Number of protein chains: 2
Amino acid sequence: MAEQGVVPFAQAAQTQGGEDAIGGSLADTAYRQLRRSVLSGQRPPGSPLSVSALARDMGLSRSPVREAVQRLIHDGLATHVPHRGAQVVELDRRELMEIYEVKEPLEALASRLATARFSQADVERLEAMLVEQDRAVAGPVLAEESTLMELDRAFHSYIHRAAGNRVLCDTLAAWSSRTNLAFPSGWANPEYARLSVAEHHDIARAITSGDADEAERVTARHVRLVRTRLARWQARQAQDRAAGGVA
Amino acid sequence: MAEQGVVPFAQAAQTQGGEDAIGGSLADTAYRQLRRSVLSGQRPPGSPLSVSALARDMGLSRSPVREAVQRLIHDGLATHVPHRGAQVVELDRRELMEIYEVKEPLEALASRLATARFSQADVERLEAMLVEQDRAVAGPVLAEESTLMELDRAFHSYIHRAAGNRVLCDTLAAWSSRTNLAFPSGWANPEYARLSVAEHHDIARAITSGDADEAERVTARHVRLVRTRLARWQARQAQDRAAGGVA
DNA sequence: GCAGCCGGGATTGCATGCAGTCACCGACGC
DNA sequence: GCGTCGGTGACTGCATGCAATCCCGGCTGC
């Protein structure tokens, strides 16, 4: 049970945006650029996405930009307000919880499938990622939030790909980008970050040891815990906002 | 555990196409019309979806049709061949199996969530659906395939909505339309149809009795069995085709 | 008879024009 | 001061023009 080390999907340009490199069409380029700016927080939730304005800024016509915006809408990263144009989506708590609810069994499935297909090279790669994660949360001060998010994304994404199910992989990638959108500074909390990394160790241990049932269990647990922490963080945010609003 | 009988989502015009009725934009109308003709089998897999030709046929310009086709592509119901235009997707066995693999835990989750939220009205509605299904497979000759498919869709869709998780509901709806696309005459097999209906009874029994664990279990089992039957049916089809090809 | 080449046709992708619709803001009247 | 009305601006959605690209068929030459 181990063909190669790397699992070579087509890398789903749609869901994973392989850099702003030369994209086939202008619409692709615009899509990736917009997507990147949205996911990076450069355009925070609620930002307007006016086709005309974007076309002006990006120096091309409205057609490809319009297409790019509509793809974002379809991805759930933007919404279309009837006569106000599009804007970056503002996920409410309910929707966020819904995504985590469905992510739980699917992430668990991914880990189970990946366990059966993991090669020695995969094991080494995953362990290298864990070393990076340990380093990122080791010192008294954590690495950059964006770095932490990227490490997290890479870890889970690797398992998704290793599962060898493209539908599963694409679906989880789409959901993860949406949840990351709503979890801007959650990674700034050292406690949360370290807990996540610890849970990643549990997942990796189960997968590399070949225990599919255990991998499924600890992965589901991880998703559940992240959801709990996210809810707690959101509640705290709301509380702080309320307190700050008075002052 | 029971607010209303009906679970009122926005009905996800995107994924459920509420008839070809007056859609906001021409693009919406074109999308629904195309989607309908694809899912009904009127445009079988492999059919070309030329924007120009469709625009001519539908009596409108290329812009909205182009948008509609791209939505179909994003839905996974069509593919875009670089310089040949789009065409109705031809799902290969691998992809079909992948979809069933991910549907299993999600359908199971839907049943579990629905169990906790089912009201008395929901119970009655579900039982009415089962009566319809029984009637459809009762006689020596089954009802129309399209009728059977619609009954099946309605049954599962009702549970999805009852789960009260919109992301879950939309995702399953999208996947189901893709699998239905590849299961054209699977419902013509009386044995398969009766087995499915029997399993629906199991699911309904578990849900209405409030046993979430059991609902989850039998639902997963149902998806697994459908997948097995589909694989068997496909193998048989391939065999028949091979035999027919010789003659 | 077969291989290779070239042109016709069609298609996509992008740019742009045009009209309809609506939100926003200021002015006006009460 | 407040509510209401009208103008302005912008935006979307649709139609259409234009160039580039590529497939496919027929034709030519060997």
Side-chain angles (χ1 to χ4, degrees), chain A residues 10 13-14 17-18 20-35 37-38 43 45-90, chain B residues 10 13-14 17-18 20-35 37-38 43 45-90:
Chain A
Q14 187 184 50
D20 291 349
I22 38 101
S25 65
L26 292 186
D28 281 344
T29 310
Y31 171 69
R32 280 196 293 271
Q33 188 175 333
L34 273 180
R35 178 189 174 79
S37 69
V38 167
R43 297 178 192 276
S47 307
L49 293 174
S50 157
V51 171
S52 314
L54 291 174
R56 273 197 305 273
D57 296 347
M58 301 168 79
L60 32 86
S61 105
R62 304 195 314 268
S63 303
V65 176
R66 175 183 168 86
E67 182 179 330
V69 169
Q70 289 194 335
R71 277 198 233 172
L72 282 182
I73 292 174
H74 201 118
D75 288 349
L77 294 178
T79 54
H80 174 73
V81 191
H83 286 274
R84 297 275 293 272
Q87 60 183 43
V88 179
V89 71
E90 304 188 74
Chain B
Q14 187 184 49
D20 292 348
I22 38 100
S25 64
L26 293 186
D28 280 344
T29 310
Y31 170 70
R32 281 196 293 271
Q33 187 174 334
L34 272 180
R35 179 189 173 79
S37 68
V38 167
R43 297 178 192 274
S47 306
L49 292 174
S50 157
V51 172
S52 314
L54 290 174
R56 272 197 304 274
D57 296 347
M58 300 166 78
L60 34 86
S61 103
R62 303 194 317 266
S63 302
V65 177
R66 175 184 168 85
E67 183 178 330
V69 169
Q70 289 194 335
R71 277 198 233 172
L72 283 182
I73 292 175
H74 200 117
D75 288 349
L77 293 178
T79 54
H80 174 74
V81 191
H83 286 274
R84 297 273 293 272
Q87 59 183 43
V88 180
V89 71
E90 304 188 73

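In what follows, chains carry the letters A, B, and so on, assigned in the order in which the sequence lines appear, proteins first and then strands, with residues in each chain numbered from 1. Bear in mind the structure is a predicted one, so any value in this text is a computation, not a measurement.
- Among the nucleotides C:dT11, D:dA15, D:dC11, the one closest to the side chain of B:Ser61 is D:dA15.
- Salt bridge absent: B:Arg35 and B:Asp28 never bring a charged side-chain N and a carboxylate O closer than 4.0 Å.
- Distance OG/B:Ser47 to CD/B:Glu90: 8.5 Å, rounded to 0.5 Å.
- Using a 4.0 Å heavy-atom distance criterion, B:Ser52 is classed as a base contact.
- The side chain of B:Leu26 has D:dC14 as its nearest neighbour among C:dA15, C:dT12, D:dC14.
- The side chain of A:Ser25 has C:dG13 as its nearest neighbour among C:dG17, C:dG13, C:dT11.
- Here the P atom of nucleotide C:dC14 and the CE atom of A:Met58 are 12 Å apart, to the nearest Å.
- Among the nucleotides C:dT16, D:dC11, D:dA15, the one closest to any side-chain atom of A:Ser63 is C:dT16.
- Each of A:Pro64 and A:Arg84 lies near DNA chain C, and the nucleotide nearest A:Pro64 is the one positioned closer to the 5' end.
- In terms of position along DNA chain D, the nucleotide closest to B:Glu67 lies nearer the 5' end than the nucleotide closest to the other residue of the pair B:Arg62 and B:Glu67.
- Protein atom CD of A:Gln70 is 12 Å distant from nucleotide atom C1' of D:dC14, rounded to whole Å.
- Residue A:Asp57 contributes atom CG, which lies 11 Å from atom P of D:dC11 at whole-angstrom precision.
- Distance CZ (A:Arg66) to C1' (C:dT16): 14 Å, rounded to an integer number of Å.
- Residue A:His80 has a polar side-chain atom (N or O) positioned under 4.0 Å from OP1 or OP2 of D:dG13.
- Counting non-hydrogen atoms under 4.0 angstrom, A:Ala27 reaches the backbone sugars and phosphates but no base.
- Interatomic distance, A:Leu54 CG to A:Arg43 CZ, rounded to the nearest 0.5 Å: 5.5 Å.
- The line from CD of A:Gln70 to CG of A:Leu49 is 12.0 Å long, rounded to the nearest 0.5 Å.
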